[in-house]
**Q** 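Starting off with a structure, shown below.
When a residue number appears, it is its place in the shown sequence, counting from 1.
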Amino acid sequence: MTLHILNKSPSNTGVIKDMLQAVSENDSILMMEDAAYFVLEAHVAVFGSLPKSVQLYALSPDIEARGLSSKTPSIITLIDDKGFVQLCCDNSKTVSWF
């Protein structure tokens with residue numbers, strides 16, 4: 001299991017494409033910083049082709065800072081810094097997509 005940490009905005013299509021090709025069954029994706037904009041309906045569809053076992057997370061302070069709390073779909077779990085640390089511990093490796 002791999003935790004993919006994404007901080008690029010939806011406009012950075014190259015990084016997103018590379019990450020999506022690297023994601024496997026039972027992996028997790030954590031959206032932080034400008035990747036918080038992926039919670040918007042116009043962008044969340046990019047994750048539709050992923051295996052159903054892939055878990056999607058977003059760092060809640062980044063979501064809140066951008067005023068996106070009420071726009072976060074139920075397929076994305078909001079976590080705090082403690083949850084971020086726990087995700088790192090629960091996965092055998094992490095990959096940062098910066």
Side-chain angles (χ1 to χ4, degrees):
M1 295 186 337
T2 300
L3 172 60
H4 299 268
I5 303 169
L6 178 64
N7 84 329
K8 295 297 182 189
S9 73
S11 65
N12 195 322
T13 57
V15 170
I16 307 312
K17 182 180 174 186
D18 291 345
M19 182 198 70
L20 293 174
Q21 290 176 346
V23 173
S24 300
E25 293 274 340
N26 300 312
D27 284 356
S28 299
I29 297 172
L30 173 63
M31 295 160 270
M32 59 188 296
E33 299 172 1
D34 283 344
Y37 291 106
F38 275 104
V39 305
L40 296 172
E41 187 176 335
H43 303 296
V44 77
V46 74
F47 301 116
S49 63
L50 293 174
K52 298 289 184 206
S53 63
V54 173
Q55 298 292 312
L56 301 175
Y57 299 91
L59 202 57
S60 57
D62 292 333
I63 297 293
E64 292 168 11
R66 289 159 178 80
L68 301 172
S69 297
S70 65
K71 298 176 192 298
T72 304
S74 60
I75 64 167
I76 298 173
T77 302
L78 295 179
I79 60 170
D80 57 12
D81 291 336
K82 184 177 177 181
F84 180 14
V85 171
Q86 188 62 51
L87 272 178
C88 292
C89 293
D90 290 345
N91 287 274
S92 56
K93 49 183 200 171
T94 61
V95 178
S96 296
W97 299 93
F98 289 89

**Q** Kindly write out the residues that satisfy ring-ring contact (aromatic ring centres under 6.0 Å, His included) with Tyr57, not counting sequence neighbours, or none if the list is empty.
**A**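 ring-ring contact (aromatic ring centres under 6.0 Å, His included) check on Tyr57 returns nothing, list empty.
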**Q** Could you tell me the separation between the CG atom of Leu78 and the CG atom of Leu56, rounded to the nearest 0.5 Å?
**A**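 Taking CG in Leu78 and CG in Leu56, the distance rounds to 11.5 Å.
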**Q** Short question: side chain of Asn91, backbone of Lys93 - any donor-acceptor pair under 3.5 Å?
**A**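 The answer is no, because no donor-acceptor pair under 3.5 Å joins these two groups.
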**Q** Nearest 0.5 Å, what's the NZ-CE distance between Lys8 and Met19?
**A**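 Lys8 NZ to Met19 CE: 13.0 Å, rounded to 0.5 Å.
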**Q** Would you kindly confirm whether Val95 and Phe47 end up in one hydrophobic cluster when ILVMFWY residues are joined by side chain heavy atoms under 4.5 Å apart?
**A**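 Both belong to a single hydrophobic cluster.
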**Q** Do Phe98 and Phe84 belong together in a cluster built from hydrophobic side chains that touch within less than 4.5 Å?
**A**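 Yes, Phe98 connects to Phe84 through the hydrophobic network.
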**Q** Can you tell me how far the CE atom of Met1 sits from the OG atom of Ser92, to the nearest 0.5 Å?
**A**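 Output value for this atom pair is 6.5 Å.
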**Q** If we only count heavy atoms from C-beta on, is the Leu87 to Val85 side-chain gap below 4.5 Å?
**A**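 They are not in side-chain contact.
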**Q** Following the transitive rule for hydrophobic clusters with a side-chain heavy-atom cut-off under 4.5 Å over Ile, Leu, Val, Met, Phe, Trp and Tyr, establish whether Ile75 and Leu30 coincide in one cluster.
**A**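 They do not share one cluster, since no chain of ILVMFWY contacts under 4.5 Å joins Ile75 to Leu30.
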**Q** Side-chain polar contacts of residues 36-46 - donor-acceptor pairs under 3.5 angstrom, sequence neighbours left out - could you list them?
**A**
none

**Q** Between Val54 and Leu50, what is the shortest heavy-atom contact and its length?
**A**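 Closest pair (atom of Val54, atom of Leu50, distance): CG1-CD1, 4.0 Å.
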**Q** Which pair of non-hydrogen atoms, one from Met31 and one from Ile76, has the smallest distance, and what is that distance?
**A**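 Minimum heavy-atom separation between Met31 and Ile76: CE-CD1, 3.9 Å.
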**Q** Hydrogens and angles aside, do Glu25 and Ser53 bring a side-chain donor and acceptor to less than 3.5 Å of each other?
**A**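 Their side chains do contain a donor-acceptor pair, which is all the 3.5 Å distance test asks for.
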**Q** Give the minimum heavy-atom separation between Pro51 and Ser24, together with the two atoms involved.
**A**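 Minimum heavy-atom separation between Pro51 and Ser24: CG-C, 4.5 Å.
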**Q** Would you compute the distance between atom OG of Ser28 and atom CD1 of Ile5 and round it to the nearest 0.5 angstrom?
**A**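 Between atom OG of Ser28 and atom CD1 of Ile5 there are 10.5 Å.
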**Q** Kindly indicate, with the supporting measurements, whether the criterion side chain to side chain contact (heavy atoms under 4.5 Å, CB included) is fulfilled by Asp18 and Trp97.
**A** CA-CA 9 Å; Asp18 291 345; Trp97 299 93; 3.7 Å; yes
**Q** Please round to the nearest 0.5 Å and tell me the distance separating atom OG of Ser96 and atom CE of Met32.
**A**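 Nearest 0.5 Å value for the OG-CE distance: 8.0 Å.
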**Q** Should Thr2 and Thr94 count as side-chain neighbours, where that means a heavy-atom distance under 4.5 Å?
**A**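 Side-chain contact under 4.5 Å: no.
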**Q** Nearest 0.5 Å, what's the CG-CD distance between Leu3 and Gln55?
**A**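 Reported value, rounded in 0.5 Å steps: 11.5 Å.
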**Q** Does Leu59 reach the side chain of Asp81, with side-chain heavy atoms less than 4.5 Å apart?
**A**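 In short, these two side chains touch, coming nearer than 4.5 Å.
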**Q** Report the residues that fulfil side-chain hydrogen bond (donor to acceptor under 3.5 Å, both in side chains) with Asp34, sequence neighbours left out, ordered by chain and then residue number.
**A**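 Per chain and number, Asp34 pairs via side-chain hydrogen bond (donor to acceptor under 3.5 Å, both in side chains) with Arg66.
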**Q** For residues Val15 and Leu6, report the shortest heavy-atom separation together with the two atoms involved.
**A**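 Residues Val15 and Leu6, closest heavy atoms: CG1-CD1, 4.2 Å.
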